[in-house]
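Quick note on labels: first sequence line is chain A, next is B, and so on, each numbered from 1.
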There are 2 protein chains.
Amino acid sequence: MANHLPVDRLRRGLCTRCRINDISVYNVRKYLSNVGFLYVAVSSGFNIPMKLTCRDCSLAELCLPRALSPDDMEQFETMVDQRPAMARGNFLYQTGDVFGGLYAVKSGSFKTTISASDGEDQVTGFYLPGELFGFDGFDDHYSCSAVALEHSSVCELPLSSIDQLVVKLPNLRRELDRLMAREITTDQSMLLQLSRRTAEQRLAAFLVSLSLRFRQRGFSGTELRLSMSRYDIANYLGLTAETVSRLFKRLKEHHLALVNGRTVIIQDFEALHRQVHGSGGR
Amino acid sequence: MANHLPVDRLRRGLCTRCRINDISVYNVRKYLSNVGFLYVAVSSGFNIPMKLTCRDCSLAELCLPRALSPDDMEQFETMVDQRPAMARGNFLYQTGDVFGGLYAVKSGSFKTTISASDGEDQVTGFYLPGELFGFDGFDDHYSCSAVALEHSSVCELPLSSIDQLVVKLPNLRRELDRLMAREITTDQSMLLQLSRRTAEQRLAAFLVSLSLRFRQRGFSGTELRLSMSRYDIANYLGLTAETVSRLFKRLKEHHLALVNGRTVIIQDFEALHRQVHGSGGR
DNA sequence: TGGCGCGCTTGACTTACGTCAAGGACCGGC
DNA sequence: GCCGGTCCTTGACGTAAGTCAAGCGCGCCA
């Protein structure tokens, strides 16, 4: 397994194999100790002191500012707050909190959940580096809670900044609208998933989506490390952890994917993809 | 049954019992012929020639412009296009159409649907007078199709107008953000419904929501006329038409609601409400 | 490095809801 | 007022996925 190192990307803050974007010796140590396999056999280049700007950030092409011209970008950067890293399981915000702003994942990953009156939760989304979340809060209060799935960090775009920026930067407003529409579209396609697809198809769709998003971020699209538990996956897909477990077993038997704990090796992406769209649901 | 007539509201374009907002002799005749029970035993006051302004519209307190000051409202009105009425079953827009703008229901009702690659549809929402839809289109193309469920009409807020107005009217932008966030929140609470609630709970939630929204619009909250088919309801709730039918029967047996064709009489709202939140799902 | 607990797996059994099929009611058009 | 089609209802039956329970093992912490 390649220990071929994309040093320049690392310098800019991101290892293409891991999910580290805000580099510091502490974080890397911490991260490495969590990672099962060691793609990062790094020597130097770690304790670069830095306050990342968006232009430096390796996620720039994926993240919100990608719609901005260099001039706009400069204005934009001054409005973005970098938040301290968070430990796994910590809440970034909770249901009912006053809307503070939007968040972009800088490193790690998050889940958002809503809770029913009886206390039961529903996972509504997983967010990877470069992805924006918090749109549900625009109605004054967040309707979801956001939880770090691993050691993670975010950039914050505070509400006050948004109000100022959208007037000055029409491109930013349009990009925000676009992202919000995409949030709606993905939620709605989940509605279709939940009501018209079999458990098998849902899991296949989940893996395909993750694979594509990882690849987009420069990670491997075939060897993934899941940051969420079986329970989270099951909940997100409207299933139980037992069912997910059995399905993973079936994927293994059919040589579509090899799942071992939280490591997933996708063996036959095409077949998985076919399964998603394949021959109707229930 | 009262033929007590809210004439002033009718003058302004809305009968509180029916769903007529854009009054013309033609429309009323057309509508009456579709309605099973005749609340509207109207004599005069029908063929009022009018181009409704938002200030005249009886839906003003519910619709988008409610966030606007009188001055703002005047600017806003000039940008809104009134579309000709549409027959049942007609598309306002279809999946993939270039985003033209947002729509507010003026009379009648609409459903939005997405379709899977295999051609199967999923109903993602129902929209009543005063409700805004089309947000999914902000990402350049509509990801849903919008279909009139009965003889209906809409007001259009074209994209070009939105771009101009949001700069001039910050309150409008905030209201749009709020509505968009609400769309996200309702979609996500549907995710919870679909994955964690029994068929019975889903249908109860559907009826409770409809009842509240009808009441908000000045219609009866206890005697509803559904504009959507059993198939649509079932599809929206992730069930089959057969199951919905059986559930309606059960509601009748338990004296919670009386359902006859498309007429629903809610007998015990509280009990229905309890059923929604009651003692966990599956 | 070793111990403990949570998260995962596996099997046996249950059930809510879907599927299939047939008949009935309503509605709109001629 | 009759006829055709669509929408709705009802019953019999099947099954995908849930529930319950028990054991295993990874990974986290001391």
Review point. Rounded to the Å, how far apart are Gln201(A) CD and dA16(D) C1'?
Key: 12 Å

Point to revise | Distance test, side-chain N/O of Ser229(A) to OP1/OP2 of dG7(C), below 4.0 Å | key: no

**Study point:** Nucleotide dA16(D), atom P - distance to CZ of Arg197(A) in whole Å
**Key:** 16 Å

Review point. Start at the 5' end of DNA chain C and walk down; is the nucleotide closest to Leu247(B) or to Ser245(A) reached first?
Key: Ser245(A)

Check your understanding: Quick one: which of dC17(C), dG11(C), dA17(D) gets closest to the side chain of Leu239(A)?
Key -> dA17(D)

Review point. Base, sugar-phosphate, or nothing: which does Arg88(B) touch, judged by heavy atoms less than 4.0 Å apart?
Key: nothing

Exercise for review: Among the candidates dG11(C), dC17(C), dG11(D), find the nucleotide nearest to the side-chain atoms of Glu242(B).
Suggested key: dG11(D)

Review point. Can a salt bridge be assigned to the pair Arg246(B) and Glu200(B) using a cut-off of 4.0 Å between side-chain N and carboxylate O?
Key: no

**Study point:** 5'-most by nearest nucleotide on DNA chain D - Gly261(A) or Met228(B)
**Key:** Met228(B)

Exercise for review: Could you tell me whether Gly89(B) contacts a base, only the sugar-phosphate backbone, or nothing, with contacts defined as non-hydrogen atoms closer than 4.0 Å?
Suggested key: nothing

Revision key, fill the gap. Ranking dT10(C), dA17(D), dT9(D) by distance to the side chain of Arg230(B), first place goes to dT9(D)

Review point. Can you check ring-ring contact (aromatic ring centres under 6.0 Å, His included) on Phe110(A) and Tyr127(A), steps first, answer last?
Key: CA-CA 5 Å; Phe110(A) 287 80; Tyr127(A) 297 89; 8.5 Å; no

Revision key, fill the gap. Of dG18(D), dG11(D), dG27(D), the nucleotide closest to the side chain of Arg225(A) is dG27(D)

Check your understanding: Hey, does the side chain of Lys252(B) come within less than 4.0 Å of dT9(D)'s phosphate (OP1/OP2), counting only N and O?
Key -> no

Exercise for review: Quickly work out the Leu226(B) CG to dC27(C) P distance and round it to whole Å.
Suggested key: 13 Å

Check your understanding: To the nearest angstrom, how far is Tyr231(A) atom OH from dT19(D) atom C1'?
Key -> 14 Å

Review point. Is Phe248(B) touching bases, backbone alone, or none of the nucleic acid, heavy atoms closer than 4.0 Å?
Key: nothing

Point to revise | Atom-pair distance (CG on Asp232(B); P on dC7(D)), nearest Å | key: 9 Å

Study note, to complete from the structure: Checking Val208(B), Thr198(B), Leu256(B) against Gln275(B) for side chain to side chain contact (heavy atoms under 4.5 Å, CB included), the one that qualifies is Leu256(B)

Exercise for review: Verify the contact: side-chain N or O of Arg262(A) to OP1 or OP2 of dC8(C), cut-off strictly under 4.0 Å; return yes or no.
Suggested key: yes

Exercise for review: Round to the nearest Å and state the distance from Asn260(A) atom CG to dG25(D) atom P.
Suggested key: 12 Å

Point to revise | Lys/Arg-Asp/Glu bridge criterion (N-O < 4.0 Å) met for Arg196(A), Asp118(B) | key: no

Practice item. Measure the distance from CG on Asn235(B) to C1' on dG18(C) and round it to the nearest whole Å. Key: 14 Å

**Study point:** Side-chain touch Val276(B)/Gln201(B), heavy atoms, less than 4.5 angstrom
**Key:** no

Practice item. Would you kindly give the CZ-to-P distance between Arg250(B) and dT10(D), to the nearest whole Å? Key: 13 Å

Check your understanding: Taking 4.0 angstrom as the limit, do Glu242(A) and Arg230(A) come out as a salt bridge?
Key -> no

Exercise for review: May I ask you to verify if any side-chain N or O of Arg246(A) is less than 4.0 angstrom from the OP1 or OP2 atom of dG18(D)?
Suggested key: no

Check your understanding: Any side-chain N or O of Thr243(A) under 4.0 Å from OP1/OP2 of dA17(D)?
Key -> no

